[in-house]
Asks: 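Right, I'll just put the structure down here and ask away after.
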Amino acid sequence: MTESPQDVPPPSQGQTPPQDGYPPHQPPQQQYPPPPTPYPGYAVQPPLSPGDARMWSIFGHLGGTFLSFIVPLVIYLVFKDRDPFVREHSSAALNFHLTLFIAYLVSAILILVLIGLVLIPLLAICALVFTIMAAVAANDGREYTYPLAIQFVR
């Protein structure tokens, strides 16, 4: 049974009367907010397994020995949101290797007064020993804090 234009109630204030005598069409209800859609190629990454977390933490510590602060920085940026263990170890390694980089720069300047000739080998030995200790702690699943490291990244 259809309604005739006489059966349609008059529009209330603020509404426009329907053109053909029928009530206006209601748009389909949408879900607000719409569900998030991931960008193509940027799917949410699953958390790391404990073995992978230990492996990337070890790479963060040992990689700094060969390529300064670049390796811990890359590992920190890639894995910081996926695993808190890797975030902690890579930030510790990044802080230590940034501090060590600054110490090498100061030692290079101090070569002019011959103190840098003694400091550079001492820094290299300390860096090697502390890095190995940190890598062993990461392999055991323990926390490690480098001594004398300035906290640039938390």
Side-chain angles (χ1 to χ4, degrees), residues 11-16 18-19 23-154:
S12 62
Q13 296 199 352
Q15 290 182 343
T16 58
Q19 299 294 335
H25 174 68
Q26 297 294 326
Q29 295 295 326
Q30 294 182 1
Q31 180 184 3
Y32 288 102
T37 56
Y39 294 109
Y42 291 99
V44 175
Q45 297 293 322
L48 294 174
S49 68
D52 287 343
R54 284 196 313 269
M55 177 190 66
W56 284 110
S57 298
I58 292 169
F59 286 161
H61 291 296
L62 295 178
T65 303
F66 303 108
L67 295 173
S68 188
F69 62 89
I70 302 299
V71 173
L73 176 64
V74 169
I75 291 174
Y76 177 79
L77 292 175
V78 171
F79 293 108
K80 70 178 178 177
D81 295 328
R82 289 184 62 190
D83 193 86
F85 185 74
V86 177
R87 179 186 174 106
E88 176 188 331
H89 276 274
S90 62
S91 68
L94 179 59
N95 288 329
F96 176 70
H97 288 289
L98 283 172
T99 304
L100 193 62
F101 181 75
I102 292 169
Y104 278 131
L105 288 178
V106 170
S107 297
I109 294 170
L110 290 176
I111 285 179
L112 298 174
V113 290
L114 302 177
I115 295 173
L117 293 175
V118 175
L119 285 178
I120 290 177
L122 287 177
L123 286 172
I125 291 170
C126 287
L128 185 63
V129 169
F130 291 149
T131 302
I132 291 172
M133 289 171 57
V136 168
N139 188 38
D140 292 341
R142 294 182 286 121
E143 294 180 9
Y144 184 79
T145 304
Y146 284 96
L148 304 173
I150 301 170
Q151 293 294 318
F152 296 106
V153 179
R154 293 189 190 264

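The first residue in the sequence is number 1, and the count goes up from there. Atoms considered below: every heavy atom in the structure, side chains included; atoms not considered: hydrogens, waters and symmetry mates.
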Asks: Using modelled atom types only, decide if a donor and an acceptor are shared between the side chain of S90 and the backbone of V86 within a distance under 3.5 Å.
Replies: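 Yes, S90 side chain to V86 backbone: donor-acceptor pair under 3.5 Å.
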Asks: Side-chain donor-acceptor pairs under 3.5 Å in residues 116-137, sequence neighbours left out?
Replies:
residue : atom : partner : partner atom : Å
T131    : OG1  : A127    : O            : 2.6

Asks: Taking atom CH2 of W56 and atom NE2 of H61, what is their separation to the nearest 0.5 Å?
Replies: 14.0 Å
Asks: Give a yes or no answer on whether the side chain of D83 reaches the backbone of F85 with a donor-acceptor pair at less than 3.5 Å.
Replies: yes
Asks: In Å, rounded to the nearest 0.5 Å, how long is the span from OG of S91 to CG of L73?
Replies: 11.5 Å
Asks: Could I get the full list of ring pair (Phe, Tyr, Trp, His ring centres under 6.0 Å) partners for Y76, not counting sequence neighbours?
Replies: none
Asks: Is the distance between the ring centroids of F101 and H97 under 6.0 Å?
Replies: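 No.
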Asks: How many angstroms lie between atom CG of L62 and atom CG of L67, to the nearest 0.5 angstrom?
Replies: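 Atom-to-atom, L62:CG and L67:CG are 11.5 Å apart.
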Asks: Is it the case that atom CD in Q151 sees more than 12 heavy atoms from other parts of the structure closer than 6.0 Å?
Replies: yes
Asks: Taking atom CG of L148 as the centre, does the number of heavy atoms from other residues, nucleotides or ligands within less than 6.0 Å exceed 12?
Replies: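 Result for CG/L148: open.
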Asks: To the nearest 0.5 Å, how far apart are OG in S49 and CE in M55?
Replies: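 Between S49 OG and M55 CE, I get 8.0 Å after rounding to 0.5 Å.
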Asks: Per the side chain to side chain contact (heavy atoms under 4.5 Å, CB included) rule, which among T99, L100, L98 passes with F69?
Replies: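 Of the listed residues T99, L100, L98, the side chain to side chain contact (heavy atoms under 4.5 Å, CB included) partner of F69 is L98.
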Asks: Verify, without hydrogens or angle tests, whether N95 (side chain) and F152 (backbone) share a donor-acceptor contact under 3.5 angstrom.
Replies: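 A pair under 3.5 Å: yes.
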Asks: So H89 and F79, do their side chains get closer than 4.5 Å, heavy atoms only?
Replies: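 Contact flag for F79/H89 side chains = no.
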